[in-house]
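Input: a single structure, listed below in structure tokens.
The first residue of the sequence shown is numbered 1, and numbering continues consecutively from there. Predicted, not measured: the structure shown is a model, and the values here were computed from it. All values below were derived from every heavy atom in this structure, side-chain atoms included, with hydrogens, water molecules and symmetry-related copies excluded.
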Amino acid sequence: TRQFSVMIDAGLPLVQCLDILGEQQPNAFFKEVLGQVRQDVEEGSTLAAALTKHPKVFDQLYTHMVEAGETGGVLDIILQRLATLIEKVVKLKRNIVSASIYPAAVVFVAIAAVAIIMIVVIPQFQQIFLGLLGPGEALPLPTRIVMAISSFLAGWGGVATAVTLIATAV
């Protein structure tokens with residue numbers, strides 16, 4: 001969009017701009033879309049109408065802004081503003097992704113630590129606790145619950161841990 005704006009501002013014809021952009025485009029799908037847009041413009045369609053035929057690539061805001069730029073004769077300025085908007089949106093999305101990686105990593109490490117404690121450490125303490133009990137004595141309820149969860153995870157540890165980690169990742 002920014003390159004398009006610069007070429008329009010330099011006075012190049014619209015079809016030539018689209019042709020140059022299509023030739024420089026490394027993405028095959030987008031290159032094809034630009035070729036179709038160029039062809040539509042060559043056949044007499046407005047740029048906005050040609051862009052509207054590709055809603056998966058050019059959203060309504062983009063096409064309406066281009067239409068306003070064409071109508072007002074300020075297409076280069078509108079394209080500059082659209083380029084700035086797109087850059088800000090991409091930066092915001094990148095920031096959101098990077099901000100969500102840290103909490104996801106913390107949750108993953110916490111679940112892995114709890115799983116290791118439940119599968120490896122608690123069974124060793126279980127033998128110590130049971131050895132300390134006298135005849136007819138029972139462990140406190142919270143301790144029995146933790147030991148039951150630990151026994152379940154130790155028996156089904158691989159499956160339960162994998163399911164938990166996959167559920168956390170999703």
Side-chain angles (χ1 to χ4, degrees), residues 1-6 21-37 47-69 77-170:
T1 301
R2 189 164 304 283
Q3 289 175 333
F4 196 22
S5 166
V6 170
L21 289 173
E23 289 174 8
Q24 293 178 349
Q25 184 53 240
N27 184 314
F29 174 74
F30 193 54
K31 186 175 192 171
E32 182 180 328
V33 168
L34 288 175
Q36 291 171 358
V37 169
L47 178 61
L51 296 177
T52 306
K53 293 181 180 179
H54 306 281
K56 292 183 180 180
V57 179
F58 304 104
D59 62 6
Q60 285 186 350
L61 173 66
Y62 194 95
T63 56
H64 290 308
M65 291 291 289
V66 167
E67 184 177 18
I77 296 170
I78 295 296
L79 289 172
Q80 286 175 0
R81 290 181 183 169
L82 280 170
T84 303
L85 174 69
I86 292 168
E87 289 166 354
K88 287 180 180 180
V89 167
V90 167
K91 183 178 179 182
L92 179 64
K93 285 180 181 179
R94 202 176 305 133
N95 287 344
I96 289 171
V97 167
S98 64
S100 63
I101 289 174
Y102 179 74
V106 169
V107 168
F108 176 79
V109 168
I111 289 174
V114 169
I116 290 171
I117 289 171
M118 294 299 282
I119 294 171
V120 177
V121 177
I122 298 294
Q124 293 176 355
F125 279 106
Q126 183 176 1
Q127 297 304 318
I128 295 170
F129 289 151
L130 292 175
L132 295 174
L133 290 178
E137 290 182 329
L139 290 171
L141 180 63
T143 305
R144 288 189 309 228
I145 291 171
V146 169
M147 289 181 5
I149 293 170
S150 174
S151 296
F152 172 76
L153 289 176
W156 291 88
V159 174
T161 304
V163 168
T164 304
L165 293 178
I166 290 171
T168 304
V170 172

For residues 83-94, the side chain to side chain donor-acceptor pair (under 3.5 Å) pairs (sequence neighbours left out) are Arg2-Thr84, Arg2-Glu87

Under the side-chain hydrogen bond (donor to acceptor under 3.5 Å, both in side chains) rule, collect the residues that match up with Gln3, sequence neighbours excluded. none

Pairing residues for Arg144 by the salt bridge (Lys or Arg N to Asp or Glu O under 4.0 Å) criterion, not counting sequence neighbours: none

Output for pair (Ile77 CD1, Leu82 CG), nearest 0.5 Å, gives 12.5 Å

Spell out, as yes or no, whether a donor-acceptor pair under 3.5 Å connects the side chain of Ser150 to the backbone of Val146. no

Show me the side-chain donor-acceptor pairs of residues 103-128 shorter than 3.5 Å, one per line, residues at least two apart or across chains.
none

Show me the donor-acceptor pairs, under 3.5 Å and distance only, between side chains in residues 55-63 and residues at least two apart or in other chains.
from	atom 1	to	atom 2	distance (Å)
Asp59	OD1	Tyr62	N	2.9
Tyr62	OH	Thr1	OG1	2.9
Thr63	OG1	Asp59	O	3.4
Thr63	OG1	Gln60	O	3.0

Contacts of type salt bridge (Lys or Arg N to Asp or Glu O under 4.0 Å), residue Lys53, not counting sequence neighbours: Asp40

Rounded to the nearest 0.5 Å, how far does NE2 of His54 lie from CD of Glu32? 9.0 Å

Could you tell me the separation between the CD1 atom of Ile86 and the CG atom of Leu79, rounded to the nearest 0.5 Å? 9.0 Å

Shortest non-hydrogen contact between Thr52 and Ala48, atoms and distance: OG1-O, 2.6 Å

Nearest 0.5 angstrom please: Leu132 CG to Leu139 CG, how far? 9.0 Å

